[in-house]
Amino acid sequence: MQTKNPIRDLQHIPAALQPLMNALCEVGADLSNTIQRGPLGGALGAEVGENTGGDTQKALDVLADEAFARRLATADVRWYASEEQDSVVELDPKGRFALAIDPLDGSSNIEVNVSIGTIFSIFEAREDGDASFLRPAHEQIGGGYIIFGPQTMLVVTFGKGTQEYLLDPDSKQFVLVQEAVRVPTTAREFAINASNYRHWAKPIRAYIDDCIAGDEGPRAQNFNMRWVASLVAETHRIISRGGVFLYPGDSRKGYEKGRLRMVYECAPIAFVIEQAGGSATDAQDRILDKSAPELHARTPFVFGSTDKVSRVAAYHDLPEQEVNALFGNRGLFRV
Ligand SMILES: O=P(O)(O)OC[C@H]1O[C@](O)(COP(=O)(O)O)[C@@H](O)[C@@H]1O
Ligand SMILES: [Mg+2]
Ligand SMILES: [Mg+2]
């Protein structure tokens, strides 16, 4: 009997990357199955240790990391950089590609049955493992995520638009459902962890204050707020419905550059978003023009529809005294 490809529709995937993408999706389909069986609050969500970034590791984080590393070793991948590993691992010395991965994003949501996912970024491999990843993010040749939600989906770009695939529960194959995803521009929704308000810098506070002031404030329109605490889920909402996501740096120790990691979270999400017509910055500068200084480096992250992301940057462009003045003169940003 002929075995089916994990991805049914391969036409948007460069031929050289098809073994790698099939490997990712094979593990993605298995993980989807594991997650559906659970128990989420028991074995899969159990705390088992701590990773290099100081985050608690849950059993599913480790299980996912091991499954991807094992399967990618025969998928033309030379270098494997994972959130759950201290340093870059050489999988196949002859492999042509370097793959960075957040094997399980949204770990804090495992036991509460909220959408979680896997985020990945692909570069051409260089001779040196670290150098394969610590380079401008616009050198990515692929990037995307698998979301494990009510439906399991793959959202990916290879630099020619963003495509969306749905895992068909009957055939167990990822089937192309959208050839050219576009970030809608109409939504009036922002996503930020508002419990950190007191730690934010003035431009971020001013931006959020103006959203919250709604039709009584300078924006003269009401905004809604969402915070799932799963980057994949926030990304999926934004590519489906629009809006803006912010995880800025703040004054807490260790959060000077926010929480999210450049190599295996922000770079691939920025690639997906830009290819879908949106924008992604570190609150001021384009993420895809930046390089991570080290593997687990964090960066402030703002992404979504271009008008909103540009507005956040504009609040940062003002001299300090004008940002101060914003607190008393909200008319400055009236649209
Ligand atoms: O708990 P906070 O500070 O709101 O952070 C939530 C963010 O942390 C993350 O869970 C970090 O990812 P991991 O779960 O892979 O560590 C993001 O998915 C999410 O956007
Ligand atoms: Mg993550
Ligand atoms: Mg993770």
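We count ligands from 1, going down the list as the structure has it; atoms in each ligand are counted the same way.
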**Message:** Tell me the angle that OE1 of Glu83 and O of Leu104 form around the Mg ion (ligand 3), rounded to 10°.
**Reply:** 160°

**Request:** Distance to 0.1 Å, residue and atom name: give those for the protein heavy atom nearest to atom 20 (O) of ligand 1.
**Result:** Leu231 N, 3.6 Å

**Message:** So for Glu265, does at least one of its heavy atoms come nearer than 4.0 angstrom to any atom of ligand 1?
**Reply:** yes

**Message:** Tell me whether Asp105 has any N or O atom under 3.5 angstrom from an N or O of ligand 1.
**Reply:** yes

**Asked** Are any N, O or S atoms from Gly106 nearer to the Mg ion (ligand 3) than 2.8 Å?
**Response** no

**Prompt:** Does Leu104 have a heavy atom less than 4.0 Å from any atom of ligand 1?
**Reply:** yes

**Message:** Which of the numbered atoms in ligand 1 are under 4.0 angstrom from any heavy atom belonging to Ser230?
**Reply:** 18 (O)

**Message:** If the cut-off is 2.8 Å, does any N/O/S atom of Asp102 fall short of it from the Mg ion (ligand 2)?
**Reply:** yes

**Prompt:** Any luck finding a side-chain donor-acceptor pair between Thr74 and Arg71 under 3.5 Å?
**Reply:** yes

**Message:** Please work out, at 4.0 Å between heavy atoms, whether the side chain, the backbone, both, or neither of Ser107 comes within that distance of ligand 1.
**Reply:** both

**Prompt:** Between the side chains of Tyr197 and Asp209, does any donor sit under 3.5 Å from an acceptor?
**Reply:** yes

**Asked** Within the structure, does Asn196 bring an N/O atom to less than 3.5 angstrom of an N/O atom in ligand 1?
**Response** no

**Glu84 N/O/S atom closer than 2.8 Å to the Mg ion (ligand 3)** = no

**Message:** When you compare the side chain of Leu24 with that of Leu99, does any pair of heavy atoms fall below 4.5 Å?
**Reply:** yes

**Prompt:** Would you call the rings of Phe133 and Phe123 parallel, tilted or perpendicular if under 30° counts as parallel and over 60° as perpendicular?
**Reply:** perpendicular

**Prompt:** What protein heavy atom is closest to atom 4 (O) of ligand 1, reported as residue, atom name and distance in Å?
**Reply:** Asn193 ND2, 2.8 Å

**Request:** Could you list the atoms of ligand 1 found under 4.0 angstrom from a heavy atom of Asp55?
**Result:** 16 (O)

**Request:** Decide yes or no for Leu31 and Leu63: does some side-chain heavy atom of the first lie under 4.5 Å from some side-chain heavy atom of the second?
**Result:** yes

**Message:** Less than 4.0 Å is my threshold; does some heavy atom of Ser108 fall inside it relative to ligand 1?
**Reply:** no

**Request:** Report the angle formed at the Mg ion (ligand 2) by atom OD1 of Asp105 and atom OE2 of Glu265, rounding to the nearest 10°.
**Result:** 110°

**Closest approach of any protein heavy atom to atom 15 (O) of ligand 1, naming residue and atom** = Asp102 OD2, 2.9 Å

**Asked** Does Phe245 reach ligand 1 with a nitrogen or oxygen that is under 3.5 Å from one of the ligand's nitrogen or oxygen atoms?
**Response** no

**Asked** Regarding Asp210 and Tyr315, is there a side-chain donor-to-acceptor distance under 3.5 Å anywhere?
**Response** yes

